[in-house]
Amino acid sequence: MNIDSITNGIVIDHITAGSGMVLYELLGLATLECPVAIIKNVGSKKLGKKDIIKIDGETEIDFDLIGYVDPKATVNVIKNGELVSKRSIDMPEKLVNVIKCKNPRCISSTEQELTQVFKLTDKENKVYRCLYCESKA
Amino acid sequence: MRSVIDILDLTTQEIDSLISTAEDIIENPDKYAHKCERKKLATLFFEPSTRTRLSFESAMYELGGQVIGFSSASSTSASKGESVADTVQVISCYADIIAMRHPKEGAPLVAAMNASIPVINAGDGGHNHPTQTLADLLTIKREKGRFNNLTIGFCGDLKFGRTVHSLINAMARYEGIKFVLISPEELKLPGYVKKDVIEKNNIEYVQTTSLEEVMSELDVLYMTRVQQERFFNEEDYLRLRDSYILEPSKLKDAKEDMIIMHPLPRVNEISVAVDKDKRACYFKQVLNGKYMRMALILKLLEEAQA
């Protein structure tokens, strides 16, 4: 299957197979006007299978969110058909308004305008906890 | 602005210093009788808790200060939908320090992030209750004379018991501690407390369902109540409520100098007959709680002035 290379935009590569759609949803890519391609289950020497997202247009993306969903992913920025930067994404120490606390006893469940903040408490096991009630994400 | 939301907001050195202040208050109450003159404590109790509120209030009165506040959310603007952030910004205009109890976990942290005066967490749902832990620590110090080399048994509801989690967090910072975790299967200590606190600090621990089997090992027995308000399902509550009832006969193998603690209120988990046993310390805990609250109010007000 061929997807055209892009001129100006972003390629999110090395996404764990199956996480492409999750990222697409969380990054809000459905709202973009430019072409966006999700390629699933692409063969990969490193991962066996991977997903790729190509965004053919200049846009701001939330690197913290990518790091939270899939810290193994890489982000390539393309300008005038050239790769201008390639970065791997680390898990962010803090997530702000990315995910919501599911604990019904948490203050953030009743006070809807509170900023949703999660802190990385165990990097090895990818554990984020709510700033307010310390429940696991 | 310095607030105390979690027992871990205080270093072990600060806890030692609070204990020294509390012991000095016990020895020399007159020295402290006017320390908080012209200062006001606001007790914001969005959930009823008579004993904790009265402890804070009597602590402030004994420091020569005054108290304003409310004892249930129904009489406040919270019932009209006001946010915690707005409430504490308003209260910051009237008082010098806040003690807050709230049914929602994390509410006192939100308060501390928005108030311009110190906030003390007086209990947030099943989450934190640092001043209870301070009361527990002073009790252990006064009754056992040390914080290291102790075998501490926690018995009852270790799942929802916030006082247990807080005391484990506090005691995990001392040397030679062993925890004995006694509970029914359904109310075992949450995995994250075991992993993030006990195992991370390489602390020896035992999990068991039998109190009698481990009684002879214990230096401290911390009993807890199975709290009805933490259950969504009354059937589960009724089934687990009577899991452990401490009666004089169960103490026959206990050490002579073991101490029995309980954060109170109790329902039936400690028989009234145990109250006469010299090892029963739960009413001393209540008094110690007042002294530690006095020490904490003093410390936070002094820091706020500095």
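Any value given below was found using the heavy atoms of this structure, including those in side chains, with hydrogens, waters and symmetry copies removed. Proteins come first, then strands; the chains are lettered A, B, ... in the order of their sequence lines, and each starts at number 1.
- A cation-pi geometry, defined here as NZ or CZ lying under 6.0 Å from the six-membered ring centre and within 45° of its normal, holds between A:R129 and B:Y192.
- If you measure heavy-atom distances from A:S109 to chain B, the contacts under 4.5 Å come from the side chain alone.
- For the atom pair CE (B:M100) and CD1 (B:I91), the distance works out to 8.5 Å, reported to the nearest 0.5 Å.
- For B:D6, the part lying under 4.5 angstrom from a heavy atom of chain A is the side chain only.
- Heavy-atom neighbours of chain B within the stretch residues 6-18 of chain A, taken at a separation under 4.5 angstrom, are nonexistent.
- Remark: A:D90 engages A:K123 in a salt bridge, criterion side-chain N to carboxylate O under 4.0 Å.
- Using bins of under 30°, 30° to 60° and over 60° for the plane-to-plane angle, the ring pair B:F154/B:F179 lands in the tilted bin.
- No donor-acceptor pair under 3.5 Å is formed between the side chain of B:S3 and the backbone N or O of B:I120.
- When each of B:T131, B:N128, B:L134 is tested with B:I7 by the rule side-chain contact (heavy atoms from CB on, under 4.5 Å), just one qualifies, namely B:L134.
- Other residues, nucleotides and ligands contribute over 12 non-hydrogen atoms within 6.0 Å of the NZ atom of A:K126.
- Identified by a heavy-atom distance below 4.5 Å to chain B, contributing residues of residues 63-88 of chain A are lacking entirely.
- Only the side chain of A:L114 comes within contact range of chain B, with at least one heavy atom under 4.5 Å from a heavy atom of that chain.
- For the pair B:H127 (side chain) and A:C106 (backbone), a donor-acceptor distance under 3.5 Å is absent.
- For the pair A:N103 (side chain) and A:R105 (backbone), a donor-acceptor distance under 3.5 Å is present.
- A salt bridge links B:R2 to B:E14: one of the charged nitrogens lies within less than 4.0 Å of a carboxylate oxygen.
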Carefully, step by step, assess B:K200 and A:D122 under the rule salt bridge (Lys or Arg N to Asp or Glu O under 4.0 Å). CA-CA 11 Å; B:K200 197 172 164 185; A:D122 180 352; over 6 Å; no
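- Between chain B and the residues A:C133, A:S108, A:C130, the largest count of heavy-atom pairs under 4.5 Å involves A:C133.
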